[in-house]
Asks: 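This is the structure I have questions about; it appears just below.
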Amino acid sequence: MVMGPTHSMSGAALGLAMAAVIPASIGGPSTAVGAMTFAAVTAGAALLPDLDSPQATIARTFGFLSVGAAHITENAALAVYEVSRSDRDRDLHNGHRTATHTIWFAMLAGLLVGVLVAMFGKVPALVVLFLMLGLAVRGLFPEWSSKSDWLAITAVSAGAALAVGAWQPQMASAWALGMAVTVGVIAHLLGDALTKSGVPMLGGLVSINGKRWWDICPPGFMRIKANGVADKALLAVFTVLAVWLAYATLFDPSILGAPWPPALTTAAP
Ligand SMILES: [Zn+2]
């Protein structure tokens, strides 16, 4: 089974790769630190779809508040399923892996963040940064997170959000945040599609053979068995990829085609 850390790490890797190619004119980062921030938000958003499961680790990120949010999300997802399903879709008793595991959710979440920040500015931007960075801490540093209290995670992510707001205002912009959230959710969907029995990426709107909720997954031989070994292997691959991308982002951005200068340039002899 793909666990939080794998989702977050794949989100970080995809975020770093996208940060290098999204033009600054539509919200892409224009500095190396901006790209790292973009990827941190993406790593957090890559856990967002599992907010539909109160049992998932993500639900414990902000203590009882996130557990409450998870119960609400699960019920809302089930309600969306019930409203949009056809007679041929199976009966479900909880909303896990339905509405929040669709492309529509990825686009809506990013759009909602973009609109809120565009309309109300700094406050929603800081709230989004705080929530996404908190999830990223939970996902990327599972050992530390499981030992420390949720209040510590909350404090760390609040500090990080304020730091970004103060020193990287470009990355707190509506477009940048909205796009990072969408990219993160898509990373989650790809991870689940590869390792579970698929996800209903186009669920609710596109109907095939009378079914509106059908799972998209790769052909059987490509599907990774849901077990600990495959998850650890994936985590290792994404970790190596993310570390390499982070190195390139900071020290050799030209190999990614990124527009910013290296964070550290060695003076010519
Ligand atoms: Zn999921």
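Quick note: numbers below take in every heavy atom, side chains included, and nothing from hydrogens, waters or symmetry partners. Remember, it's 1-based here, ligands and their atoms both numbered in the order they're listed.
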Asks: Are Y81 and V199 co-members of a hydrophobic cluster defined by side-chain heavy atoms under 4.5 Å apart?
Replies: no

Asks: With a cut-off of 2.8 Å, does H96 place any N/O/S atom under that distance from the Zn ion (ligand 1)?
Replies: no

Asks: Measuring from the Zn ion (ligand 1), name the closest N, O or S atom belonging to H101.
Replies: NE2

Asks: Among the N, O or S atoms of D192, which one sits nearest to the Zn ion (ligand 1)?
Replies: OD2

Asks: Salt-bridged, D50 to R97, with N to O below 4.0 Å?
Replies: no

Asks: Got more than 12 heavy atoms from elsewhere within 6.0 Å of CH2, W213?
Replies: yes

Asks: Check this for me: M201, atom CE, are more than 12 non-hydrogen atoms of other residues, nucleotides or ligands nearer than 6.0 Å?
Replies: yes

Asks: Suppose you place the vertex at the Zn ion (ligand 1); what is the angle out to D50 OD1 and H188 NE2, to 10°?
Replies: 100°

Asks: Is the Zn ion (ligand 1) less than 2.8 Å from at least one N/O/S atom of D52?
Replies: no

Asks: Do Y247 and L250 sit in the same hydrophobic cluster, where Ile, Leu, Val, Met, Phe, Trp and Tyr count as joined when their side-chain heavy atoms come under 4.5 Å apart?
Replies: yes

